[in-house]
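Accompanying notes for the structure given below.
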2 protein chains.
Amino acid sequence: MKLKEFARQLGLSPTTVSRALSGYPEVSEKTRQRVAEEAVRLGYRPNINAVRLVTGRAGAIGVVMGRSGEFQFAEFMSGMAERLDGEDIDILVSPTADRGLTDEIPLYSRLVASGRVDAVIVHSPEPNDERIAFLRELGFPFLVHGRSETDVTHAWLDIDNEGALRRATAHLLDLGHRRIAMINGRAGRTFSLHRDKGYRDALEERGIAFDPRLVAHGHFTDELGFRFARSFLEQSPRPTAFVAGSMMTALGIYRAVRSRGLVVGKDISVIAHDDVFPYLTADNMVPSLSATRSSIRAAGARAADLVLQLLGGRAAEEIHELWPVELILRESTAPPPQAESRP
Amino acid sequence: MKLKEFARQLGLSPTTVSRALSGYPEVSEKTRQRVAEEAVRLGYRPNINAVRLVTGRAGAIGVVMGRSGEFQFAEFMSGMAERLDGEDIDILVSPTADRGLTDEIPLYSRLVASGRVDAVIVHSPEPNDERIAFLRELGFPFLVHGRSETDVTHAWLDIDNEGALRRATAHLLDLGHRRIAMINGRAGRTFSLHRDKGYRDALEERGIAFDPRLVAHGHFTDELGFRFARSFLEQSPRPTAFVAGSMMTALGIYRAVRSRGLVVGKDISVIAHDDVFPYLTADNMVPSLSATRSSIRAAGARAADLVLQLLGGRAAEEIHELWPVELILRESTAPPPQAESRP
DNA sequence: GCGATTAGCCAAATCGTTTTAAATTTGTTC
DNA sequence: GAACAAATTTAAAACGATTTGGCTAATCGC
């Protein structure tokens with residue numbers, strides 16, 4: 001009896017009050033004004049659960065959070081939260097055990113069926129991602145953060161991983177590097193494949209043969225960065241440069257290089273992808289880290305924005321956004337030892 | 001007309017079906033069984049918003065997410081999500097601009113008033129935290145992650161920061177270190193004060209004078225770790241050991257030490273606090289990092305558990321949990337150069 | 001065998017909104 | 001000043017569950 005009571009105090013009907021607050025055109029400007037002011041003064045707020053029941057909207061966007069390794073997650077979500085501030089939309093977090101993507105299907109199924117969310121965001125898809133097909137089949141609104149190659153129409157937001165790695169690799173080649181190792185993300189994910197492609201295309205453009213022994217895939221952890229880098233450095237001839245998928249991987253590489261008595265930015269060049277974290281900055285590393293950069297917080301904010309548009313009725317097939325990636329050169333890249341840089 | 005329809009198909013009344021599914025005693029075991037089976041078979045699930053409206057419960061726990069620096073956040077939340085899996089409780093994320101705590105009051109106020117959450121978790125409190133007083137006054141359920149010194153009764157879960165730093169510092173003193181610098185967390189927060197105290201108590205126990213020039217406070221970022229460490233290392237005599245509040249800080253310290261041409265684990269000892277992240281492990285650092293350790297993911301899971309108890313009616317004054325912290329010695333700690341270790 | 005319990009089930013009220021369809025007031029035109 | 005249209009406002013019907021209070025039939029004590 002909350003709206004009822006509030007309306008009574010204003011000498012209006014619940015209907016008019018409800019409409020005034022929701023900005024419907026049928027109510028006079030003067031009344032709307034008064035209602036708005038009194039709502040603030042008397043502290044009236046519609047009961048959110050009643051609103052949700054009657055409108056059939058859940059008032060929340062779902063995100064599935066993997067168990068391991070995803071330090072980017074907080075930044076992305078924080079960006080979402082920022083954009084959603086002021087809207088009456090919450091973020092709902094669902095945990096997953098982080099096994100295969102197939103195992104995630106029941107999770108999405110529950111999430112959708114529970115009616116707790118109006119849309120979900122799918123992260124790190126594969127080229128032929130089951131989750132996308134599944135959600136599309138259900139006709140449930142979703143946005144993919146990343147890309148897939150499926151025919152199924154869907155909204156997505158991604159960064160230009162391929163271009164980023166093409167430029168990073170090309171730059172290293174221009175400096176004179178010939179053996180460039182890559183420590184990429186989890187095998188099978190589209191973003192990893194795109195990075196693979198950018199890397200290979202750059203090599204090919206310059207007529208350098210691709211050597212599979214110089215490429216590794218795995219989670220973005222310092223540990224894998226270290227282990228892969230160590231094993232690459234044992235090769236002979238060893239690589240003179242690394243491209244890596246994350247800041248954590250770069251930390252591991254730095255350590256591996258140092259542990260071999262080599263110096264980053266002199267003996268070994270490194271370029272890594274930087275999602276821009278407040279707590280770990282490429283510029284502060286020693287030597288400062290050259291990086292392909294794109295703010296994942298900004299992506300989170302934009303993702304929330306696009307989901308809102310999707311829910312507002314914009315067609316999924318219209319929502320495709322590809323963000324360019326900056327290449328920022330710092331001290332960790334230099335010509336290889338005893339080699340002249342080429343023009 | 002969902003429950004109604006489902007009940008009709010079973011030849012039962014909505015009342016009985018609802019009770020059967022919620023496990024009330026007034027319904028016979030046989031009927032309950034049948035209802036449960038048919039619910040699965042026919043795919044009936046109560047509309048969550050209707051349930052929420054009628055029960056008055058929001059079905060969610062709120063967490064306020066600061067904008068900057070909180071890489072621990074994702075792990076904590078992931079732990080919560082893990083525990084909440086299977087319960088019908090969601091996690092709701094609210095962003096904050098991360099200014100003073102006072103500025104957060106309206107945010108908590110909105111969160112509570114909006115009726116979107118049944119309880120909130122308050123992070124990193126101050127000894128006399130306004131948020132705690134505010135929530136208590138409202139009579140709203142909440143759990144504090146960390147501690148405060150307020151008289152206001154409230155539920156809390158914390159780790160023994162004081163003990164952790166006392167042991168870490170004592171260990172360094174036992175190794176023979178006499179000038180031990182501390183890079184602590186944000187000034188004013190209780191966990192920082194507890195660490196200060198543990199550090200100072202250890203010094204005092206051994207009769208070493210406390211030198212305020214050896215202590216710094218700030219966000220847990222690699223940048224501050226680096227800057228503070230650099231400036232400490234410029235002192236003369238310079239410190240021979242560091243204790244630090246986070247892994248990121250430790251990364252900064254390692255870099256600073258190296259940039260001065262010194263060696264961690266030989267010229268300079270380091271002990272940092274490790275919240276246990278899948279992507280950055282103390283054991284893998286070079287040299288491996290001695291650390292005070294406590295899983296923040298486990299804390300998140302337990303926090304969710306305690307909130308559930310709180311909502312289940314357990315008294316807030318009963319819910320106080322203090323977790324011990326391990327001290328794990330690795331390669332980053334050693335006796336100071338040209339000093340004998342003391343017994 | 002009878003009144004009192006009790007186990008099992010149900011009809012209807014309720015939660016607090018939005019929205020449909022209808023009623024009222026106001027404004028315009030002749 | 002009547003007739004009609006347009007602008008406001010309203011009463012009442014959803015939304016889909018839970019829960020109160022009541023009803024029937026089976027069980028029990030004596």
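Each chain gets a letter, A, B and so on, in the order its sequence line appears, and its residues count up from 1.
Going from atom CG of B/D88 over to atom C1' of D/dT18 covers 15 Å, rounded to whole Å. Atom CG in B/N47 sits roughly 17 Å away from atom P in C/dT17 (whole-Å rounding). Atom P of nucleotide D/dA14 and atom NZ of B/K2 are separated by 19 Å, given to the nearest angstrom. Look at CZ on B/R8: it is 18 Å from C1' on C/dC9, rounded to the nearest Å. In this structure, A/E29 atom CD and D/dT8 atom P are separated by 10 Å, rounded to whole Å. Residue A/K4 contributes atom NZ, which lies 15 Å from atom P of C/dT18 at whole-angstrom precision. Rounded to whole Å, the distance from CD on A/E26 to C1' on D/dA11 is 16 Å. Between B/R32 atom CZ and C/dA7 atom P the separation is 14 Å, expressed in whole Å.
Applying the 4.0 Å criterion to OP1 and OP2 of C/dT18, one finds that A/Y24 has every side-chain N and O outside that range. Applying the 4.0 Å criterion to OP1 and OP2 of C/dC9, one finds that B/T31 has a side-chain N or O inside that range. An OP1 or OP2 oxygen of D/dT10 is reached within less than 4.0 angstrom by a side-chain nitrogen or oxygen of A/T16.
If you check every strand for non-hydrogen atoms under 4.0 Å, B/R52 touches nothing. Using a 4.0 Å heavy-atom cutoff across all strands shown, B/S28 reaches sugar-phosphate atoms only and no base atom. Within 4.0 Å of B/R45, counting heavy atoms only, lie sugar-phosphate atoms of the nucleic acid but no base atom. Within the 4.0 angstrom heavy-atom criterion, no nucleotide atom of any strand lies near B/I48.
Mapping A/V27 and B/R57 onto DNA chain D by nearest heavy atom places A/V27 closer to the 5' end of the strand. Along DNA chain C, the nucleotide nearest to B/V54 and the one nearest to B/P25 differ in position, and the one closer to the 5' end is contacted by B/P25. Of the two residues near DNA chain C, A/P46 and B/S13, the one whose nearest nucleotide lies more 5' is B/S13.
Of the possible polar contacts, one joining the B/H154 side chain to the B/V152 backbone as a donor-acceptor pair under 3.5 Å is found.
Judged by atom type and distance alone, A/T15 reaches the base of C/dT19 through a side-chain donor-acceptor pair under 3.5 Å.
Taking 4.0 Å as the cut-off between side-chain N and carboxylate O, B/D90 and B/R52 count as a salt-bridged pair.
Relative orientation of the B/W156 and B/H320 rings is parallel, given thresholds of 30° and 60° on the angle between their planes.
Of the candidates C/dC15, D/dT10, C/dC9, the closest approach to any side-chain atom of B/L53 belongs to C/dC15. Distance from the side chain of B/R19 is smallest to C/dC10 among C/dC10, C/dT18, D/dT18.
Using modelled atom types, one finds no donor on one side chain facing an acceptor on the other under 3.5 Å when comparing B/T190 with B/R147. A/T153 and A/R136 share a donor-acceptor pair across their side chains, judged by distance under 3.5 Å alone. Under the 3.5 Å distance criterion, with hydrogens and angles disregarded, no donor-acceptor pair is assigned to the side chains of A/T15 and A/S18.
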